[in-house]
Number of protein chains: 2
Amino acid sequence: MRISELSRRSGVPVATIKYYLRENLLPKGEAVSATQAEYTEEHLKRLRLVRALAEVAEVPLSRIRAVLEAVDKPDIDLHTLLGVAQYAFTPPTEAPADDPDWERAQRRTAELLAELEWRVGPGSPARGQLTRAVAAMERLGRPPSAQMLRGYAAAAHQAAEWDMDCIDPGASREENVQQAVTMSALMEQALSALRRLAQEDESARRFGCGADGAGAHGEG
Amino acid sequence: MRISELSRRSGVPVATIKYYLRENLLPKGEAVSATQAEYTEEHLKRLRLVRALAEVAEVPLSRIRAVLEAVDKPDIDLHTLLGVAQYAFTPPTEAPADDPDWERAQRRTAELLAELEWRVGPGSPARGQLTRAVAAMERLGRPPSAQMLRGYAAAAHQAAEWDMDCIDPGASREENVQQAVTMSALMEQALSALRRLAQEDESARRFGCGADGAGAHGEG
DNA sequence: TAACTTGGAGAGTAGTACTATCCAATTGAA
DNA sequence: TTCAATTGGATAGTACTACTCTCCAAGTTA
């Protein structure tokens with residue numbers, strides 16, 4: 001397939017595909033001649049994946065590139081594959097110096113993970129992300145209760161188990177990468193949306209005036 | 001307090017505070033003279049909130065402005081207050097024309113919400129967000145199973161209940177706004193981080209080689 | 001009174017994600 | 001065979017976001 005067909009089938013403008021090629025978000029097609037290259041179904045799949053992550057999950061292209069590069073290394077086992085994808089997805093957090101809120105948050109998250117006995121690497125960037133969120137809440141004078149964190153952790157673990165149910169250890173590497181990345185990014189969007197909808201529902205139940213739930217606040 | 005003290009106490013550069021004032025992210029201080037204005041503790045709180053949302057939750061300033069403006073309207077009840085904050089937070093999604101994946105996703109999300117009997121407005125932007133995520137997964141050939149969506153929905157509702165437990169109907173309006181906004185944005189970050197950590201744990205349990213969990217993939 | 005600070009305005013900057021233009025080589029229809 | 005159209009590759013330009021810097025006159029402090 002030529003670049004124009006890739007464009008037509010994916011709905012992505014040719015100029016954008018060229019940009020993705022330059023930025024190493026898409027591997028180059030096989031050069032047939034000096035001014036012709038052949039693209040495959042794999043290119044189309046990868047392109048669709050990049051667009052889904054960029055448009056729907058709002059992942060910056062730099063991080064998409066990091067994930068794809070991390071994942072393109074051959075000869076790693078499934079757990080490591082999922083791990084590097086995860087690690088590349090999560091932006092690294094640098095700890096501020098001499099911040100009591102940060103110190104407290106870090107202590108709390110470490111205690112939580114120890115209590116839950118989760119098998120997470122000591123340098124997992126999601127630790128930093130969690131610490132940052134908790135520290136920000138401390139700074140605003142609204143620290144989350146230990147109970148709340150434990151509850152959220154239980155819900156998150158439940159979600160993670162369903163996620164892992166979708167991974168087939170026997171499937172191909174490319175399959176598992178697609179699955180894992182889709183999982184991480186798109187189900188996160190879905191979870192975020194569901195939580196917002198659930199908040200609206202719960203708010204209606206507790207504080208709502210009418211109890212019908214149909215268009216309480218103006219039909220956006 | 002003068003602008004320089006606001007800067008010192010918040011850690012935000014004076015130039016940035018001036019920018020936020022121009023962009024209506026922070027109300028103007030009370031003008032004492034032509035070249036002097038007085039800022040209060042409320043300004044400091046608001047500034048810290050803006051920074052937490054921008055830096056930690058990565059909410060674009062335009063959406064922070066929308067939330068703060070929506071929430072600054074007086075004389076609305078608690079449920080509506082939480083609702084407008086939520087609505088302003090969620091970017092509106094426009095449906096693509098003639099997309100079978102989108103149609104299917106929309107049908108599935110509508111069915112899910114109906115089955116769960118959640119009281120959500122028909123124009124709630126989180127519906128669009130959910131439809132978009134599901135449609136993207138359909139397009140990639142990896143639609144989430146109905147079971148998985150139901151499971152995620154249950155987890156999301158559980159989280160929403162804990163969220164609402166933190167809202168005190170008797171507290172001041174400004175309190176509730178802060179609480180609701182902090183909740184929505186920062187606990188979402190925390191949930192995302194916890195899900196990633198839980199995925200790492202679950203991946204280690206199922207596919208891991210060593211079973212110690214200490215630094216399986218290279219100490220980020 | 002002289003150095004410093006302040007609020008306000010405007011321009012400048014860095015980064016992200018495209019988008020448009022140009023070019024020579026190549027291809028496909030007349 | 002010829003000639004418009006397409007292709008890949010390179011470069012430049014654009015729109016947007018989030019600051020950051022500079023300037024200035026008015027006001028405050030030593």
Side-chain angles (χ1 to χ4, degrees), chain A residues 1-40 43-44 46-68 88-89 91-92 185, chain B residues 1-40 43-44 46-68 88-89 91-92 185:
Chain A
M1 149 186 13
R2 259 68 83 247
I3 201 172
S4 59
E5 192 181 344
L6 194 59
S7 167
R8 194 180 45 73
R9 287 229 271 157
S10 64
V12 179
V14 172
T16 303
I17 296 177
K18 287 182 175 183
Y19 170 67
Y20 288 173
L21 288 166
R22 278 201 300 285
E23 295 291 308
N24 294 318
L25 286 157
L26 200 60
K28 304 212 182 295
E30 204 197 342
V32 171
S33 74
T35 62
Q36 222 82 3
E38 188 68 21
Y39 298 93
T40 64
H43 286 94
L44 184 59
R46 162 89 28 131
L47 181 55
R48 285 208 249 252
L49 180 61
V50 169
R51 288 305 281 206
L53 293 178
E55 286 191 329
V56 180
E58 286 175 16
V59 180
L61 297 186
S62 57
R63 227 172 302 155
I64 296 177
R65 192 197 301 110
V67 171
L68 296 177
F89 249 125
Chain B
M1 127 184 41
R2 255 76 71 244
I3 201 171
S4 59
E5 192 181 345
L6 194 59
S7 167
R8 193 181 46 72
R9 287 230 268 156
S10 63
V12 179
V14 172
T16 304
I17 296 177
K18 287 183 176 183
Y19 169 67
Y20 287 174
L21 289 165
R22 278 202 299 283
E23 294 292 308
N24 293 318
L25 286 158
L26 200 60
K28 306 209 180 297
E30 205 196 343
V32 171
S33 73
T35 63
Q36 222 81 5
E38 188 68 20
Y39 299 92
T40 65
H43 286 94
L44 184 59
R46 163 81 40 124
L47 180 56
R48 284 208 250 250
L49 180 61
V50 169
R51 288 305 283 209
L53 293 178
E55 286 191 328
V56 179
E58 286 174 21
V59 181
L61 296 186
S62 57
R63 227 173 301 158
I64 298 177
R65 193 197 302 109
V67 171
L68 297 176
F89 248 126

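So you know, we letter chains A, B, ... as the sequences are listed, proteins then strands, and number each from 1. If you're wondering where the values come from, they're calculated on a predicted model, not measured in any experiment.
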Working to the nearest 0.5 Å, report the span between CD of A:Glu5 and NE2 of A:His43.
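NE2 of A:His43 is found 13.5 Å from CD of A:Glu5.
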Please round to the nearest 0.5 Å and tell me the distance separating atom CE of A:Met1 and atom CG of A:Leu44.
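The CG atom of A:Leu44 is 5.5 Å from CE of A:Met1, to the nearest 0.5 Å.
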With a strict under 4.0 Å distance from non-hydrogen atoms of chain B, what nucleotide opens and what nucleotide closes the contacted stretch of DNA chain D, reading 5' to 3'?
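Contact span on the strand: D:dA18 to D:dG27.
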For atom CD of A:Glu38, decide whether the heavy atoms of other residues, nucleotides or ligands shown that lie under 6.0 angstrom number more than 12.
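Atom CD in A:Glu38 is packed in, count exceeds 12.
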Quick one: side chain to side chain donor-acceptor pair (under 3.5 Å) partners of B:Arg9, sequence neighbours excluded?
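If we apply the side chain to side chain donor-acceptor pair (under 3.5 Å) test to B:Arg9, skipping adjacent residues, the hits are B:Glu41.
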List for me each residue that meets side chain to side chain donor-acceptor pair (under 3.5 Å) alongside B:Ser4, sequence neighbours excluded, and say none if there are none.
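In terms of side chain to side chain donor-acceptor pair (under 3.5 Å), with neighbours along the sequence ignored, B:Ser4 is linked to no residue.
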Within the structure shown, what part of the strands sits under 4.0 Å from A:Ala15 by heavy-atom distance: base, sugar-phosphate, or nothing?
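It contacts base atoms.
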Heavy-atom closest pair, residues [X] and [Y]:
X: A:Leu61; Y: A:Ala54; answer: CD2-CB, 4.0 Å
X: B:Leu53; Y: B:Ile64; answer: CB-CD1, 3.7 Å
X: B:Ala88; Y: B:Arg63; answer: O-CG, 3.2 Å
X: B:Gly29; Y: B:Tyr39; answer: N-CE2, 3.3 Å

For DNA chain D, the residues among residues 47-64 of chain A that have a non-hydrogen atom under 4.0 Å from it
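Per residue number, the list is empty: none.
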For atom CG of B:Leu6 and atom P of C:dT6, their distance in whole Å:
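Interatomic distance, CG of B:Leu6 to P of C:dT6: 11 Å.
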Spacing between A:Glu38 atom CD and C:dT26 atom P, to the nearest angstrom:
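It is 17 Å, rounded to the nearest whole Å.
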Got a list of side-chain donor-acceptor pairs under 3.5 Å for residues 15-28 of chain A, not counting sequence neighbours?
{"from": "A:Tyr20", "atom 1": "OH", "to": "A:Arg51", "atom 2": "NH1", "distance (Å)": "2.9"}
{"from": "A:Glu23", "atom 1": "OE1", "to": "A:Arg65", "atom 2": "NH2", "distance (Å)": "3.0"}

Near DNA chain C, under 4.0 Å by heavy atom, which residues of residues 18-33 of chain B?
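B:Lys18, B:Arg22, in order of number.
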